[in-house]
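Heads up, the thing below is written out as structure tokens.
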Amino acid sequence: MRLSPAVRVSRYFMPTMRHDPSEAQIVSHRLMLRAGMIRQESAGIYSWLPLGFRVLKKIEQIVREEQDRIGAHEILMPTIQSADLWKKSGRYDDYGKEMLRIEDRHEREMLYGPTNEEMITSIFGDHAKSYKNVPLMMYHIQWKFRDEIRPRFGIMRGREFLMKDGYSFDLDAESGRKSYNKQFLAYLRTYARMGLKAIPMAADTGPIGGDLSHEFIILAETGESEVFCDKALLEFDLTKTAIDMDDADAVQAMVDKVTGPYAATDEQHDQTAFEAEVPEDRRVTARGIEVGHIFFFGDKYSKPFDAKLTTADGEQVLVQSGSYGVGVSRLLGGIIEASHDESGIIWPESVAPFKVALINLRQGDEGCDGVCEDLYAKFQEAGVEVIYDDRDDRAGVKFSDMDLIGVPWQVIVGPKGVKGGFVELKNRKTGDREELPADAALAKLAE
RNA sequence: CGGGGCGUAGCGCAGCCUGGUAGCGCAUCUGCUUUGGGAGCAGAGGGUCGUCUGUUCGAAUCAGACCGCCCCGACCA
């Protein structure tokens with residue numbers, strides 16, 4: 001989806017706040033409200049304002065690209081589902097009060113979907129009948145609703161949230177593992193592209209057993225659970241390694257490499273094993289935020305939905321499946337928790353709402369206006385997303401707002417610079433500034 | 001759902017105890033002066049005090065019920 005390439009702050013809807021709203025406790029919630037990215041509509045339910053929407057879409061797009069890269073196909077299933085589907089799997093009763101149940105005008109039982117295993121299994125099962133139809137992966141990025149007992153932390157644990165959920169379909173468990181592995185690596189790439197260090201941790205596999213369930217955790221002080229891992233995992237960078245996703249052995253080797261070192265959430269943690277496996281100086285104990293969960297569940301859903309495939313030998317077997325979730329909206333909060341300072345958000349360039357903030361320090365000054373308008377047009381021509389602060393306001397207001405919303409680069413145009421033939425380029429993250437001619441700044445940012 | 005707290009202008013809050021014309025800071029609008037890190041002066045607009053019921057001559061203030069929101073706990077992408 002295409003986002004507008006450039007906006008003027010004077011014509012934008014960006015209700016920034018100078019003070020912290022009293023209801024926000026954690027950093028990401030406070031900053032998202034202050035930056036005018038979201039607005040709470042109800043407990044755990046938010047409207048996405050222009051700035052927040054842009055970031056949400058950028059994150060969504062990265063998730064999408066990495067799913068496409070491993071050959072998963074995007075679909076879109078509805079938010080509202082029929083209770084019948086869930087009665088078939090038995091989860092209509094199991095899910096309890098977290099499921100938002102509604103009734104239509106004909107008094108049919110419906111629900112706002114908390115996830116889509118039932119639906120995708122019935123879609124697949126109705127149309128795929130042969131071993132020739134697999135392996136197959138499909139995913140969608142859709143709003144979900146879980147009626148949390150106590151929503152909190154803003155977007156991090158809302159009731160309505162945007163989630164990518166993917167599903168794999170295979171003829172047997174061995175092939176299923178290959179699909180699982182592909183998703184595993186896709187997840188590492190996805191998070192890395194957002195500037196996050198996500199650590200896969202073995203998760204509870206429930207009644208199915210096996211080793212095919214991982215939670216992806218990013219480290220942040222405000223994390224909901226305590227996690228323990230080998231420091232080696234923090235130093236590993238998958239994006240630096242080229243790998244052929246169709247080479248099952250290479251993929252497995254990579255997964256083994258990343259799952260080798262000790263890593264566990266408090267639920268799975270074994271202190272004795274931790275101390276035995278990891279030298280003291282490499283033991284990391286921190287708090288983590290779960291931003292993804294992948295799970296191979298075999299025939300758990302294919303059985304009730306009777307989703308069977310005919311093998312090459314003419315036998316009927318239940319399809320083997322897994323599901324792969326990414327909390328897309330939660331990631332905004334996660335990224336902010338991991339990347340901010342006293343002044344506000346520091347977006348990694350890959351998800352930043354704009355790459356450049358163009359700041360006119362003297363709106364109405366012929367020279368400043370001229371340089372800014374010229375740069376504004378040229379950034380657009382160069383395909384650089386730019387937000388131009390053209391408000392007739394004090395410099396301090398603009399500096400603060402642009403720092404707050406976390407745009408990676410600021411191009412500052414003031415009367416002194418205009419006279420001297422230069423603009424100032426500031427890096428939001430490092431705070432480094434340099435003075436250089438406008439053309440040079442343009443060239444540097446257009447790279 | 002248990003425990004705690006809050007609801008007064010867009011945001012942050014005071015007023016409530018002890019009932020009597022609804023206030024402050026920031027933000028907004030107008031004018032002048034300012035102009036490289038959230039300006040100064042002067043003026044202006046903005047409120048069914050969460051809702052309902054009661055007590056009272058009179059309720060933001062007292063009582064009851066309800067609704068909403070926040071925090072702690074059990075639960076979760």
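Chain A is the first sequence line, chain B the second, and so forth, proteins listed ahead of strands; every chain is numbered from 1.
- Around CD of A/Glu373, the count of heavy atoms belonging to other residues, nucleotides or ligands within 6.0 Å exceeds 12.
- Using a 4.0 Å heavy-atom distance criterion, A/Asp393 is classed as making no nucleic acid contact.
- A salt bridge does not link A/Lys300 to A/Glu117: none of the charged nitrogens lies less than 4.0 Å from a carboxylate oxygen.
- Cation-pi geometry between A/Arg146 and A/Phe161 is not satisfied (NZ or CZ under 6.0 Å from the ring centre, within 45° of the ring normal).
- Atom CG in A/Asp401 sits about 8 Å away from atom C1' in B/rG38, given to the nearest Å.
- Nearest to the side-chain atoms of A/Lys97 among the listed nucleotides B/rG36, B/rC11, B/rC1 stands B/rC1.
- Between A/Phe216 and A/Phe184, the ring centre distance stays below 6.0 Å.
- A/Arg34 places its CZ atom 20 Å from the P atom of B/rG10, with the value rounded to the nearest Å.
- Using a 4.0 Å heavy-atom distance criterion, A/Gly414 is classed as a base contact.
- Heavy atoms of A/Arg433 sit under 4.0 angstrom from at least one base atom.
- Using a 4.0 Å heavy-atom criterion, one finds that A/Glu148 contacts the bases of the nucleic acid, with or without backbone contacts as well.
- Proximity of A/Arg18 to the phosphate of B/rC11: no side-chain N or O atom is located under 4.0 Å from OP1 or OP2.
- Phosphate proximity of B/rC76 to A/Arg152: absent, as no side-chain N or O sits under 4.0 Å from OP1 or OP2.
- Residue-level contact check: A/Ser22 touches the backbone only, with heavy atoms under 4.0 Å from sugar-phosphate atoms and none from bases.
- With B/rC71, B/rG37, B/rC1 as the candidates, the nucleotide lying closest to the side chain of A/Lys426 is B/rG37.
- Near RNA chain B, defined here as any heavy-atom distance below 4.0 Å, there are no residues from residues 364-379 of chain A.
- As rounded to whole Å, 10 Å separates atom P of B/rC71 from atom CZ of A/Arg157.
- Non-hydrogen atoms lying under 4.0 Å from RNA chain B are contributed by A/Gln40, A/Ser42, A/Ala43, all within residues 35-48 of chain A.
- Taking atom CD on A/Glu435 and atom C1' on B/rG36, their separation rounds to 11 Å, with Å as the unit.
- Nucleic acid contact for A/Gln25: sugar-phosphate only, since backbone atoms but no base atoms lie under 4.0 Å from a heavy atom of the residue.
- Between A/His19 and B/rC26, a side-chain N or O to OP1/OP2 separation shorter than 4.0 Å is absent.
- Taking for each of A/Met156 and A/Asp403 the nucleotide of RNA chain B with the nearest heavy atom, the 5'-most of the two is the partner of A/Asp403.
- Among the heavy atoms of the strands lying under 4.0 Å from A/Gly417 is at least one base atom, whether or not backbone atoms are also near.
- Distance, A/Trp143 CH2 to B/rA77 C1': 13 Å, rounded to whole Å.
- Using a 4.0 Å cutoff on non-hydrogen atoms, the parts of residues 326-343 of chain A near RNA chain B are A/Gly327, A/Arg330, ordered by number.
- The nearest heavy atom of RNA chain B to A/Pro415 and to A/His29 marks one nucleotide each, and the one closer to the 5' end goes with A/Pro415.
- Dashed line: the shortest gap from a side-chain N or O of A/Arg394 to OP1 or OP2 of B/rG37 is not under 4.0 Å.
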